[in-house]
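Worksheet: one structure, shown below.
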Amino acid sequence: MTTMLQSILLWLFYLSSFYAFIPSLISRLFGFRVFRRGESDTAYALTFDDGPDPTYTPRLLDLLREHDVKATFFVVGEHAESHPELIRRIHEEGHLIGIHNYIHKTNWLMRPQTVRDQIQRTGQIIEEITGEKTCYYRPPWGIVNLFDFFSKKDRKIILWSAMFEDWRCSVGAELLKERMLRKLKGGEVLLLHDRGTTLGADAQAPEQMLEALATVLVEAKRRGLTSVRVDTLMNGDTATSTVNQTETRKNLKLWKRALVALWLGWEKLFHWVYHLRTASPEDPMLHFRSRVYHGARVEMGQGYVLQNGDPIIELHFDNQKLYELGVSSRSSMHLAIRMIRTMEQQLPDLAELVAADSELRSAKAIYGVSMINRGPEKFGFTIQELPPGPFSMASRLYLKLLLGVIHPAGKDRLKQRTDQLVPKMIVMPVEELLKRYGQHRKLAAASTEDIRDESILLENEILPERN
């Protein structure tokens with residue numbers, strides 16, 4: 001009986017994975033049938049889930065009106081039905097309204113017909129109140145299923161490029177503000193919540209969201225950025241760039257697409273097996289794990305030495321992020337610049353996690369292998385040649401294979417400036433990480449100014465490649 005029960009549970013797992021887990025993974029990794037990020041230098045999209053809420057939604061609308069910006073509200077049908085006056089106000093003030101199911105329940109646990117009914121019922125409620133239909137849909141928790149993939153083409157599934165755990169009061173307004181400011185740039189689709197009554201959320205969490213958002217909107221104006229509706233971001237003047245990036249991915253040969261899929265799948269398995277943690281969950285790029293260093297003695301400067309057997313924090317770049325950066329970069333140098341700018345945002349997050357964890361704090365150094373020959377030293381890293389051996393050879397082959405797959409120029413790029421295609425070891429004492437990026441934010445800010453100067457020099461170097 002036990003064996004039969006195990007078999008039934010195993011088959012249920014297989015079926016549910018095929019029904020929802022695999023489609024969700026495909027949509028997240030490849031953006032298949034979903035919109036997650038736009039292409040704009042000055043416009044981004046604020047999106048709000050789970051409302052409307054009689055306490056927080058009116059205050060949010062007042063704030064958006066004060067700053068003269070637009071947003072997108074993915075509403076839960078039962079809440080919209082209970083508060084039609086709020087739906088009417090959202091519509092009259094020019095914001096976009098989308099569907100977030102009739103009840104806040106994951107599509108993983110519902111039959112296709114049930115999901116269809118949820119969407120249609122909510123869409124009907126919105127149309128009856130506003131007089132307009134909506135085709136924009138965000139499934140709860142971003143979990144899509146096969147029904148979502150093969151539903152009518154006039155339904156547009158909207159996910160996000162950044163979320164901030166604003167549903168938890170423990171995050172606090174100050175940390176929430178910092179997280180939002182790090183992602184505040186053109187093209188981003190930011191996920192926030194104007195209601196805190198769903199499973200796992202705190203009822204008062206929108207209070208801190210409103211406090212943080214008030215500061216973010218002021219800073220956005222100072223930077224020349226403005227929030228627009230999702231449909232505006234999708235169909236704006238820069239839509240051609242989005243099409244070009246999509247076409248670049250579509251034009252990859254079948255074997256390359258298969259290789260990318262295996263590559264990204266391997267990363268998921270690696271993260272699961274080795275329990276990797278992420279420095280910035282809202283924008284995953286830098287992952288890490290604790291381990292013991294095995295290798296030759298490394299002089300890190302200022303008297304710090306890394307020796308065989310020392311505890312280290314091993315860094316790993318996110319393969320999905322690398323793929324997205326790679327297919328949209330003009331050259332390997334351009335890719336390096338963009339990685340540098342991402343690192344300057346993520347190292348303070350890593351320092352915060354290390355400072356709060358006694359095991360991580362006891363490590364001797366942070367360690368990784370990088371294909372960037374210029375730039376990491378500005379962050380405090382020491383750059384060393386990889387010792388000759390199987391690992392060095394495997395890293396070189398991996399890098400060439402990687403660039404050959406993800407770079408638009410393919411194998412031709414491998415023939416250009418091959419001095420840039422040498423992977424090297426980067427190390428930094430943990431004490432230096434905490435000094436630069438921990439509580440001493442001013443030092444971190446000063447160092448990033450030097451990095452930006454370096455980025456300008458690198459951009460000048462790649463100008464001939466564009467012509």
Could you state the interatomic distance from [atom1] ([X]) to [atom2] ([Y]), rounded to the nearest 0.5 Å?
X	Y	atom1	atom2	value
Ile126	Ile97	CD1	CD1	6.0 Å
Tyr56	Met209	OH	CE	9.5 Å
Glu211	Leu63	CD	CG	11.5 Å
His91	Leu86	NE2	CG	14.5 Å

(request) Kindly check if the number of other-residue, nucleotide or ligand heavy atoms within 6.0 Å of CZ (Phe270) is above 12? (result) yes
(message) Would you say CG of Leu199 has more than 12 non-hydrogen atoms from neighbouring residues, nucleotides or ligands within 6.0 angstrom?
(response) no
Mind checking whether [X] and [Y] have side chains closer than 4.5 Å, heavy atoms only?
X	Y	answer
Lys156	Tyr137	no
Asp49	Val75	no
Thr130	Ile90	no
Trp160	Arg37	no
Leu315	Leu350	yes
Leu61	His95	yes
Leu225	Leu184	yes

When you check the side-chain N and O atoms of [X] and [Y], is any donor under 3.5 Å from an acceptor?
X	Y	answer
Glu314	His316	yes
Thr57	Arg195	no
Tyr102	Gln120	no

Backbone of [Y] reached by a side-chain donor or acceptor of [X] within 3.5 Å:
X	Y	result
Ser161	Val189	yes
Thr72	Val230	yes
Asp53	Thr55	yes
Arg229	Lys70	no
Glu188	Ala162	no
Tyr437	Phe379	yes
Gln346	Leu286	yes
Arg36	Leu159	no
Ser40	Gly186	no
Asp357	Leu360	yes

(message) Tell me which pairs pass salt bridge (charged side-chain N to carboxylate O under 4.0 Å, His left out) where either residue lies in residues 85-97, with sequence neighbours left out.
(response) Asp62-Arg89, Arg65-Glu93, Arg89-Glu93
(request) Mark yes or no: Arg277 above the aromatic ring of Phe288, with NZ or CZ under 6.0 Å from the six-membered ring centre and no more than 45 degrees from the axis. (result)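 The answer is no; the distance or angle limit is not met.
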(message) Quick check: closest heavy atoms across Ile129 and Ala80, and the distance to 0.1 Å?
(response)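 It is CD1-O, 3.9 Å.
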(request) Identify the heavy atoms of Asp349 and Arg182 that sit nearest to each other, and give their distance. (result) OD1-NH2, 2.8 Å
(message) Going by the rule ring pair (Phe, Tyr, Trp, His ring centres under 6.0 Å), which residues pair with His271 if we only count those two or more places apart in sequence or in a different chain?
(response) His287
(message) What verdict does the side chain to side chain donor-acceptor pair (under 3.5 Å) test give for Asp166 and His193, after you've listed the backbone C-alpha separation in whole Å, the side-chain angles of each residue and the deciding distance to 0.1 Å?
(response) CA-CA 7 Å; Asp166 66 308; His193 300 78; 2.9 Å; yes
(message) Tell me whether Arg121 is salt-bridged to Glu78, with the criterion being a basic N under 4.0 Å from an acidic carboxylate O.
(response) no
(request) Could you tell me if the ring centre of His104 sits under 6.0 Å from that of His100? (result) yes
